[in-house]
Amino acid sequence: MTPRQIEIVKLSFAKIMPFKDQAAELFYCRLFELDPSLRLMFRSDLTEQKQKLMVALALVVTNLEKMDSLLPSVRELGRRHKSYGVRNRHYDVVGAALLWTLEIGLGTSWTNELGEAWKNAYGRVAQAMIEGAESPEPERRPARQAAE
């Protein structure tokens, strides 16, 4: 991402944060509208999941300049999401729901430039999560063997 893209993503996200609960609600409504089968992956009460979404977005946006240091954690998140039933194709649906949510939430502040910046940011995260999901599970040795 360019410094300009990082700047406008951060500025736009700061505008969304005061309305984070509504943004998360919009996101999940749109996500399930785009792919109703995804609803089955979640508990009936999405309160905690909505909070996790906004915390994760804030973490990514805050660390856009040093994204490389965040990527190992993002890959691990992708590995965990695979165990929940998330498949590569789902990342496109999530990206579409996210961009739609941001566009609705930002209204007239949304521009093509901002859309491209968010696509780039989300694309890096999605790619890292897919890499994590596709990487082989690390071998786990019993603690006693690992200590020897």
Side-chain angles (χ1 to χ4, degrees), residues 1-106 110 114-143 145-147:
M1 292 185 70
T2 68
R4 168 77 180 152
Q5 288 178 322
I6 291 170
E7 177 188 8
I8 63 176
V9 165
K10 286 183 175 215
L11 289 172
S12 66
F13 193 67
K15 291 178 183 177
I16 292 289
M17 282 307 287
F19 310 101
K20 65 182 185 232
D21 294 339
Q22 294 91 334
E25 179 69 25
L26 274 176
F27 169 81
Y28 282 104
C29 285
R30 183 63 175 164
L31 181 67
F32 302 144
E33 182 181 295
L34 293 173
D35 187 343
S37 73
L38 292 176
R39 184 66 181 96
L40 301 173
M41 291 185 188
F42 298 92
R43 295 183 190 146
S44 58
D45 181 8
L46 288 173
T47 304
E48 184 180 344
Q49 188 61 39
K50 291 173 187 176
Q51 291 170 349
K52 286 180 180 180
L53 169 70
M54 296 312 291
V55 167
L57 284 172
L59 182 65
V60 168
V61 170
T62 301
N63 290 288
L64 284 173
E65 294 96 338
K66 47 189 180 240
M67 189 64 148
D68 289 342
S69 65
L70 194 61
L71 291 179
S73 297
V74 173
R75 286 186 189 101
E76 179 56 34
L77 184 63
R79 186 174 292 118
R80 285 196 315 267
H81 276 67
K82 181 180 181 181
S83 71
Y84 306 145
V86 174
R87 300 295 172 248
N88 292 357
R89 64 183 169 80
H90 295 140
Y91 289 97
D92 289 339
V93 179
V94 169
L98 176 63
L99 292 173
W100 179 88
T101 300
L102 292 166
E103 184 175 358
I104 295 298
L106 293 167
W110 185 259
L114 184 55
E116 284 302 312
W118 271 102
K119 279 183 199 173
N120 286 345
Y122 176 75
R124 288 202 61 198
V125 170
Q127 185 58 44
M129 289 183 74
I130 290 168
E131 289 168 6
E134 292 177 345
S135 67
E137 194 65 32
E139 268 190 55
R140 302 201 188 272
R141 296 187 296 164
Q145 283 182 339

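Everything numeric in this text was worked out from a predicted model, so none of it was measured.
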Should [X] and [Y] count as side-chain neighbours, where that means a heavy-atom distance under 4.5 Å?
{"X": "Met1", "Y": "Val9", "result": "yes"}
{"X": "Glu7", "Y": "Thr2", "result": "no"}
{"X": "Glu48", "Y": "Phe42", "result": "no"}
{"X": "Lys15", "Y": "Leu11", "result": "no"}
{"X": "Leu26", "Y": "Trp100", "result": "yes"}
{"X": "Gln5", "Y": "Leu64", "result": "no"}

How many angstroms lie between atom [atom1] of [X] and atom [atom2] of [Y], to the nearest 0.5 angstrom?
{"X": "Ser12", "Y": "Leu106", "atom1": "OG", "atom2": "CG", "answer": "5.5 Å"}
{"X": "Leu71", "Y": "Gln127", "atom1": "CG", "atom2": "CD", "answer": "10.0 Å"}
{"X": "Glu76", "Y": "His81", "atom1": "CD", "atom2": "NE2", "answer": "11.5 Å"}
{"X": "Leu59", "Y": "Leu70", "atom1": "CG", "atom2": "CG", "answer": "5.0 Å"}
{"X": "Glu116", "Y": "Leu99", "atom1": "CD", "atom2": "CG", "answer": "9.0 Å"}

(request) List for me each residue that meets side-chain hydrogen bond (donor to acceptor under 3.5 Å, both in side chains) alongside Thr47, sequence neighbours excluded, and say none if there are none. (result) Asp45

(request) Can you run down the side chain to side chain donor-acceptor pair (under 3.5 Å) pairs that involve residues 19-39, sequence neighbours left out, and say none if there aren't any? (result) Glu25-Lys50, Tyr28-Gln49, Arg30-Glu33, Asp35-Ser37

(request) Name all pairs fulfilling the side chain to side chain donor-acceptor pair (under 3.5 Å) condition that reach into residues 55-68, sequence neighbours left out, sorted by first residue then second. (result) Lys10-Glu65, Asp68-Arg124

Write down the atom of [X], the atom of [Y], and the distance for their closest heavy-atom approach.
{"X": "Leu102", "Y": "Trp118", "result": "CD1-CD2, 3.3 Å"}
{"X": "Ala133", "Y": "Gly78", "result": "CB-O, 3.6 Å"}
{"X": "Gly132", "Y": "Ser135", "result": "O-OG, 2.9 Å"}

Per-pair distances, 0.1 Å, donor-acceptor, side chain in residues 84-97, under 3.5 Å, sequence neighbours excluded:
residue	atom	partner	partner atom	Å
Arg87	NH1	Lys82	O	3.2
Asn88	ND2	Glu134	OE2	2.7
His90	ND1	Arg87	N	2.8

(request) Output, in order, the C-alpha distance, side-chain angles, deciding distance and verdict of side chain to side chain contact (heavy atoms under 4.5 Å, CB included) for Leu57 and Phe27. (result) CA-CA 12 Å; Leu57 284 172; Phe27 169 81; over 6 Å; no

(request) List in chain and number order the residues that pass ring-ring contact (aromatic ring centres under 6.0 Å, His included) with Tyr122, two or more places apart in sequence or in another chain; answer none if no residue qualifies. (result) none

(request) Using the test ring-ring contact (aromatic ring centres under 6.0 Å, His included), find all partners of Phe19 that sit at least two apart in sequence or belong to another chain. (result) none

(message) Walk me through whether Lys52 and Val55 qualify under side chain to side chain contact (heavy atoms under 4.5 Å, CB included).
(response) CA-CA 5 Å; Lys52 286 180 180 180; Val55 167; 5.7 Å; no

